[in-house]
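Each remark here refers to the structure printed beneath this line.
Here is the naming used below: chain letters follow the sequence lines, and residue numbers restart at 1 for every chain.
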Protein chains: 2
Amino acid sequence: MSDVGARRRTGRSKGDEREALILDAVRALLAEKTMAAVTIDDITQAAGISRTSFYFYFPSKHAVLARLMEELGDSFAQTHDWLGTDGQSRDSLREQLVGAESIWRDNRPIMACSLQGYGETYEPLVEFVDRIQQRFITGLAAKIERDRAAGLAPAGIDATTLAGLVEAVREARLAQLAEMPEAEVADGLDELAEAILRLIYGRF
Amino acid sequence: MSDVGARRRTGRSKGDEREALILDAVRALLAEKTMAAVTIDDITQAAGISRTSFYFYFPSKHAVLARLMEELGDSFAQTHDWLGTDGQSRDSLREQLVGAESIWRDNRPIMACSLQGYGETYEPLVEFVDRIQQRFITGLAAKIERDRAAGLAPAGIDATTLAGLVEAVREARLAQLAEMPEAEVADGLDELAEAILRLIYGRF
DNA sequence: ACAAAAATCGACAGTGTGTCGATTAACGCC
DNA sequence: GGCGTTAATCGACACACTGTCGATTTTTGT
């Protein structure tokens with residue numbers, strides 16, 4: 001269940017348990033406050049450990065957030081199947097959006113941190129978020145070029161740029177939807193799908 | 001040249017001058033550091049005043065930023081003429097974007113603060129940014145509905161929602177463009193205009 | 001059982017914020 | 001041109017949060 005870092009040589013338990021405790025504490029705190037407002041003392045108090053113990057496990061608050069996000073990065077990677085399709089594939093797109101929205105909804109506070117620009121000071125975090133976005137953007141750019149070559153999509157905007165624009169609406173809207181009552185989500189996703197298709201395939 | 005707040009009864013000069021000094025200092029500092037990294041001591045030092053003097057003029061760093069932004073709010077309001085047109089009016093849209101981009105470029109650090117989500121803790125600032133966005137969104141929503149009634153634009157997405165999506169791409173892209181060399185801007189704005197038109201008028 | 005490494009602790013030093021009471025400078029008026 | 005009132009400035013303080021140290025206690029492998 002361990003064998004994670006090179007820090008502990010054998011499969012210890014006490015430490016990993018504490019680590020999980022900290023992660024949980026932060027998750028819980030994030031439900032009430034914004035990350036910037038959460039203090040180390042809040043965390044240690046919630047986790048029932050002492051200040052110094054925290055620093056034994058993580059070098060800073062940012063590092064905790066990074067860990068929290070890493071777990072999510074994998075989830076998102078699994079919702080990219082639409083990128084593999086050809087043409088509009090509206091249903092596949094919708095499915096992809098449904099998946100992404102539910103990740104957003106389930107991890108609202110954590111996701112919010114990234115676009116609140118928290119951790120602008122902490123390079124690793126910025127890079128990490130960037131990498132996830134880039135993965136989506138390059139994937140989408142490839143799909144767009146494929147579709148254009150097949151005559152399914154109009155030219156007119158550089159494929160990578162366009163993919164970036166799509167990513168921007170997608171993210172902005174998912175963030176909003178995750179804040180809204182679940183009943184309105186279905187419509188919201190339909191609209192978002194329509195918007196994305198217009199961006200890529202729209203003519204006028 | 002004064003008569004601003006109710007704080008000073010007569011048209012003093014020393015105070016206003018100092019206030020301007022602080023504003024300038026922050027503007028200058030913002031060119032190097034991010035707002036979160038700028039400290040009050042940085043400001044007072046750059047402005048050549050003492051810590052307490054700063055607090056005489058502004059209650060906090062946020063307040064300075066708010067002031068800086070207010071000045072910009074007016075500028076933006078003047079670039080909304082496209083919203084009054086009917087139909088695509090690509091040229092007018094482009095013009096509007098050119099104007100907005102140049103404001104962005106000239107005030108990059110300040111604008112960046114708002115979308116870095118700095119001041120998430122400071123309600124007035126959040127509200128202010130919101131209000132500016134809302135002005136654009138409601139204006140655009142009205143235009144969209146007008147165009148739809150005239151049969152110039154397809155239905156399918158709630159007008160206000162769509163306006164919000166447009167605002168999202170617009171802002172995201174303007175932010176990026178302001179970071180790029182000026183030579184690439186022209187193309188970038190063409191692409192952005194195309195994307196916006198696709199969102200509003202696109203069919204497929 | 002016993003050394004080595006993991007984990008915990010209390011106390012400290014640094015940095016940044018915002019506030020207080022007191023002091024100095026500027027104006028308005030007679 | 002002095003004199004009260006208000007603007008402006010100052011140094012020092014109290015507070016909150018971060019991150020680090022050296023010392024101490026647990027845990028664990030053999």
query = Does B/Ser53 place a side-chain N or O at less than 4.0 Å from the phosphate oxygens OP1/OP2 of D/dC10?
reply = yes
Nearest heavy-atom neighbours spanning B/Glu145 and B/Ala159 = OE2-CB, 3.6 Å
A/Glu19 with A/Arg67: basic N within carboxylate O range, under 4.0 Å = yes
Between protein and nucleotides 22-25 of chain D, what N or O pairs are separated by less than 3.5 Å?
none

message = Between C1' on D/dA16 and NZ on A/Lys33, what's the gap in Å once rounded to a whole number?
response = 12 Å
query = Regarding B/Gln133 and B/Arg170, is there a side-chain donor-to-acceptor distance under 3.5 Å anywhere?
reply = no
message = Is there a side-chain contact between B/Thr39 and the phosphate of C/dT17, meaning an N or O under 4.0 Å from OP1 or OP2?
response = yes
note = Here the distance between atom P of C/dA5 and atom CZ of A/Phe56, to the nearest Å, is 13 Å
message = When you compare the side chains of A/Gln134 and A/Arg131, does any donor N or O come within less than 3.5 Å of an acceptor on the partner?
response = no
request  = Mind calculating the distance between CD (A/Glu19) and P (C/dA6) to the nearest angstrom?
outcome  = 13 Å
ask   = How long is the line joining OH of A/Tyr55 and P of C/dA13, in whole Å?
value = 17 Å
message = From CG of B/Asp42 over to C1' of C/dT15, roughly how many Å is that when rounded to an integer?
response = 12 Å
task = In whole angstrom, give the distance that lies between atom CG of A/Asp41 and atom C1' of C/dA11.
result = 14 Å
task = Starting from P on C/dC20, measure out to CZ on B/Arg51 and report it in whole angstrom.
result = 14 Å
request  = Nearest whole angstrom, please: distance from the P of C/dT15 to the CD of B/Gln45.
outcome  = 13 Å
message = I'd like to know whether CD of B/Gln45 has more than 12 heavy-atom contacts from other residues, nucleotides or ligands below 6.0 angstrom.
response = no
request  = Could you tell me whether the side chain of A/Lys143 and the main chain of A/Thr85 form a donor-acceptor pair under 3.5 Å?
outcome  = yes
